[in-house]
Amino acid sequence: MGHHCCSRQKVKRGLWSPEEDEKLVRYITTHGHGCWSSVPKTSSILGLQRCGKSCRLRWINYLRPDLKRGSFTEHEERVIIDVHRILGNRWAQIAKHLPGRTDNEVKNFWNSCIKKKLIAQGLDPKTHNLMPNTRPPLSITHQTYLTFPKIPARPSPLVPT
DNA sequence: AATTTCAGCAACCGCCAAGTT
DNA sequence: TAACTTGGCGGTTGCTGAAAT
């Protein structure tokens, strides 16, 4: 059923309330982040009944102060496509090339937007190659697509260790 | 105006690897 | 060294508001 980390005590699930956000931010600003398992133990005193995993995700994807909000720019979209062509669905790695963006955000953007665009251009979103039996219906052809700036192949300095 | 369908996104789940006991 | 814990990741679900009927 649930995670082993949450199975012991009652924990809340689902969307976070502004009050919960506030409690988590207060906890992180005083204790710092890094030991997520201790967050629910300590902060449950404040009434935050979330498992460590949920706290970590909420912080990383929404509460972190260095997050960039708003729509992806054309440049960011280009970076995602180029890096994805090399790395595939390694969202965390891709997100490292986009300051202020999270892996979840990149993944959602890919699934809801970029994938459709590539398919509309007759490109296989997995391989980025022209799909058989399809013609690019739009103005961008495979040839023009291939002229986009390339990123060095793996193993690449793009991926910091 | 009411209902249904769709799209986008936040959050969960299960798995894995590394660290600890 | 096996068992357990924890953090991290990618796939997927399901909620919500917008658009369509």
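Just so we're on the same page: letters track the sequence lines, and every chain starts at 1.
For A:R56, no side-chain nitrogen or oxygen approaches OP1 or OP2 of B:dA11 to under 4.0 Å. Taking only side-chain nitrogens and oxygens, A:K115 never comes nearer than 4.0 Å to OP1 or OP2 of B:dA7. At the phosphate of C:dG10, neither OP1 nor OP2 sits under 4.0 Å from any side-chain N or O atom of A:N104. The phosphate of C:dG11 (OP1 or OP2) has a side-chain N or O of A:W91 nearer than 4.0 angstrom. An OP1 or OP2 oxygen of B:dA10 is reached within less than 4.0 angstrom by no side-chain nitrogen or oxygen of A:R58. Under 4.0 angstrom from either OP1 or OP2 of B:dA11 there lies no side-chain N or O belonging to A:R13.
Put simply, CG on A:D21 is 13 Å from C1' on B:dA11, counting in whole angstrom units. Between the CZ atom of A:R64 and the P atom of B:dA11 there is a distance of 15 Å, rounded to whole Å. Rounded to whole Å, atom P of C:dT12 lies 9 Å from atom CG of A:N111. Whole-Å rounding puts the A:F72 CZ to B:dC9 C1' distance at 11 Å. Computed from coordinates, the A:K53 NZ to C:dT6 C1' distance equals 9 Å when rounded to whole Å. Per the geometry, CH2 belonging to A:W59 stands 17 Å off C1' belonging to C:dG7, to the nearest Å. Put simply, CZ on A:F109 is 9 Å from P on B:dC9, counting in whole angstrom units. With rounding to whole Å, A:K96 atom NZ is found 14 Å from C:dG10 atom C1'.
Across the interface with DNA chain C, nearest-nucleotide mapping of A:L57 and A:S37 shows A:S37 to be the residue nearer the 5′ end. The 5' end of DNA chain C is approached more closely, in terms of each residue's nearest nucleotide, by A:I60 than by the other of A:I60 and A:K107.
Residue contacts shown for A:N61 are absent, as no nucleic acid heavy atom lies under 4.0 Å away. Residue contacts shown for A:N108 include a base, since a base heavy atom lies under 4.0 Å away. Among the atoms of the strands shown, only primed sugar atoms or phosphate atoms (P, OP1, OP2) are found under 4.0 Å from some heavy atom of A:C35. As judged by a 4.0 angstrom heavy-atom cut-off over every strand, A:L15 is placed among residues touching the sugar-phosphate backbone only.
Here the CG atom belonging to A:N129 is positioned 9.5 Å from the CZ atom belonging to A:R85, to the nearest 0.5 angstrom.
Look at A:E20 and A:R58 and you find no salt bridge, because none of the NZ, NE, NH1 or NH2 atoms lies under 4.0 Å from a carboxylate O.
Proximity of a side-chain donor or acceptor of A:K23 to a complementary backbone N or O of A:E19 within less than 3.5 Å is not detected. A donor-acceptor pair is defined here as one N or O able to donate and one able to accept, closer than 3.5 Å; no such pair exists between the side chain of A:R56 and the backbone of A:C51.
Ring planes of A:H84 and A:W110: parallel class, angle under 30° (limits at 30 and 60°).
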